[in-house]
Enquirer: 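Take this structure, written in structure tokens, and hold onto it; I'll ask about it next.
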Amino acid sequence: MRVRRNKRFHAEIAASALSDIMFFLLLFFLIISTLANPNVIKLMLPKARTTATTDKAHTSVSVVVMEDETKQYFIDKVPVTYEELESKLAEQVKKTGDNTVIVRFPYNCLAQDMVDLLQVGERLKLKFVIAVSKQ
């Protein structure tokens, strides 16, 4: 007696379109990653051996030292004076609900300027994170 086997259906996946999809996804994520934080002013940041990254969009405070040694302060690309920095920063933190602020100093900023800005954060009970570039 002979047993007949049914012809079995073999499932196949057409993989030719998958490489195209992966290529488009790669391009999409590369473009999006360059636009991840548009509220950043380009500065020459201090260098560190190890750096940590964040996925959240925190409030950003940038200090720009001009050629005549004057300083300009920016909160998310909006220029503010040092006198109004504390009030504007408090408004921004209250609006976003996030008390973490990323501080961007140029590599040649004086230590006293950093301390002055960090004292503003201390008065407002904020968590300041200093941005650095990888060495």
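Along the sequence shown, residues are numbered consecutively beginning with 1.
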Enquirer: When you look at Thr100 and Leu126, which way does the side chain to side chain contact (heavy atoms under 4.5 Å, CB included) test go after all the steps?
Expert: CA-CA 6 Å; Thr100 302; Leu126 300 175; over 6 Å; no
Enquirer: Kindly write out the residues that satisfy salt bridge (charged side-chain N to carboxylate O under 4.0 Å, His left out) with Lys71, not counting sequence neighbours, or none if the list is empty.
Expert: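 Listed in chain order: Asp113.
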Enquirer: A side-chain contact here means heavy atoms from C-beta on lying under 4.5 Å apart; do Ile75 and Thr59 qualify?
Expert: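 Contact flag for Ile75/Thr59 side chains = yes.
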Enquirer: Same hydrophobic cluster for Val129 and Leu118, using side-chain heavy-atom links shorter than 4.5 Å among ILVMFWY?
Expert: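 Not linked; separate clusters.
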Enquirer: Run the side chain to side chain contact (heavy atoms under 4.5 Å, CB included) test on Val93 and Val101 for me, step by step, so that the C-alpha distance in whole Å, both residues' side-chain angles and the decisive distance to 0.1 Å come before the verdict.
Expert: CA-CA 8 Å; Val93 168; Val101 177; 4.2 Å; yes
Enquirer: Quick check: is Phe29 connected to Phe23 through a chain of hydrophobic side chains (ILVMFWY, heavy atoms under 4.5 Å apart)?
Expert: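 Shared cluster, no.
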Enquirer: Give the intermediate values and the outcome of side chain to side chain contact (heavy atoms under 4.5 Å, CB included) for residues Leu117 and Phe105.
Expert: CA-CA 10 Å; Leu117 189 57; Phe105 295 110; 3.7 Å; yes
Enquirer: Does Ser60 offer a backbone N or O that forms a donor-acceptor pair with the side chain of Asp76 under 3.5 Å?
Expert: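 Side chain of Asp76 to backbone of Ser60: a pair is present.
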Enquirer: Please enumerate all residues that pass side-chain hydrogen bond (donor to acceptor under 3.5 Å, both in side chains) together with Asp20, with sequence neighbours excluded.
Expert: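 Testing Asp20 for side-chain hydrogen bond (donor to acceptor under 3.5 Å, both in side chains), a comparison that skips the adjacent residues, returns none.
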Enquirer: How long is the straight-line distance from CZ of Phe128 back to CG of Leu89, given to the nearest 0.5 Å?
Expert: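 Leu89 atom CG to Phe128 atom CZ measures 5.5 Å (nearest 0.5 Å).
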Enquirer: Scan side-chain atoms only and decide if Thr96 and Asp98 contain a donor-acceptor pair under the 3.5 Å cut-off.
Expert: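 No, no side-chain donor-acceptor pair sits under 3.5 Å.
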Enquirer: State the CE-CG distance between Met22 and Leu26, to the nearest 0.5 angstrom.
Expert: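 Between Met22 CE and Leu26 CG, I get 8.0 Å after rounding to 0.5 Å.
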Enquirer: Would you give the length of the straight line joining atom CD of Glu122 to atom NZ of Lys127, rounded to the nearest 0.5 angstrom?
Expert: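 Rounded to the nearest 0.5 Å, the CD-NZ separation comes to 13.5 Å.
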Enquirer: Hey, are the side chains of Lys95 and Gln92 touching, using non-hydrogen atoms and a 4.5 Å cut-off?
Expert: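 The answer is yes, as the side chains (C-beta and beyond) meet within the 4.5 Å cut-off.
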Enquirer: Listed by chain and number, what are the side-chain hydrogen bond (donor to acceptor under 3.5 Å, both in side chains) partners of Gln112, not counting sequence neighbours?
Expert: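 For Gln112 the side-chain hydrogen bond (donor to acceptor under 3.5 Å, both in side chains) partners, ignoring immediate neighbours, are Asp116.
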Enquirer: Quick one: pull up CD in Glu83 and NZ in Lys88 and give me the separation to the nearest 0.5 Å.
Expert: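 Reported to 0.5 Å precision, the distance equals 13.0 Å.
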Enquirer: Just jot down the side-chain hydrogen bond (donor to acceptor under 3.5 Å, both in side chains) partners of Thr81, sequence neighbours excluded, or say none.
Expert: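 Thr81 satisfies side-chain hydrogen bond (donor to acceptor under 3.5 Å, both in side chains) with no residue once adjacent residues are dropped.
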Enquirer: Do Tyr73 and Val115 sit in the same hydrophobic cluster, where Ile, Leu, Val, Met, Phe, Trp and Tyr count as joined when their side-chain heavy atoms come under 4.5 Å apart?
Expert: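 Tyr73 and Val115: separate clusters.
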Enquirer: At what distance, to the nearest 0.5 angstrom, does CG of Asn99 lie from CG of Leu124?
Expert: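 Taking CG in Asn99 and CG in Leu124, the distance rounds to 10.5 Å.
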Enquirer: For Glu84, give me all partners under salt bridge (charged side-chain N to carboxylate O under 4.0 Å, His left out), at least two apart in sequence or on another chain.
Expert: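 Once residues adjacent in sequence are excluded, Glu84 has no partner under the salt bridge (charged side-chain N to carboxylate O under 4.0 Å, His left out) criterion.
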Enquirer: What pairs with Glu86 under side-chain hydrogen bond (donor to acceptor under 3.5 Å, both in side chains), at least two apart in sequence or on another chain?
Expert: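 side-chain hydrogen bond (donor to acceptor under 3.5 Å, both in side chains) list for Glu86, sorted by chain: Arg123.
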Enquirer: Nearest 0.5 angstrom please: Met114 CE to Leu110 CG, how far?
Expert: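 Here the rounded value is 7.5 Å.
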Enquirer: Do the non-hydrogen side-chain atoms of Phe74 and Val64 ever get within less than 4.5 Å of each other?
Expert: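 Result yes, sub-4.5 Å side-chain heavy-atom pair found.
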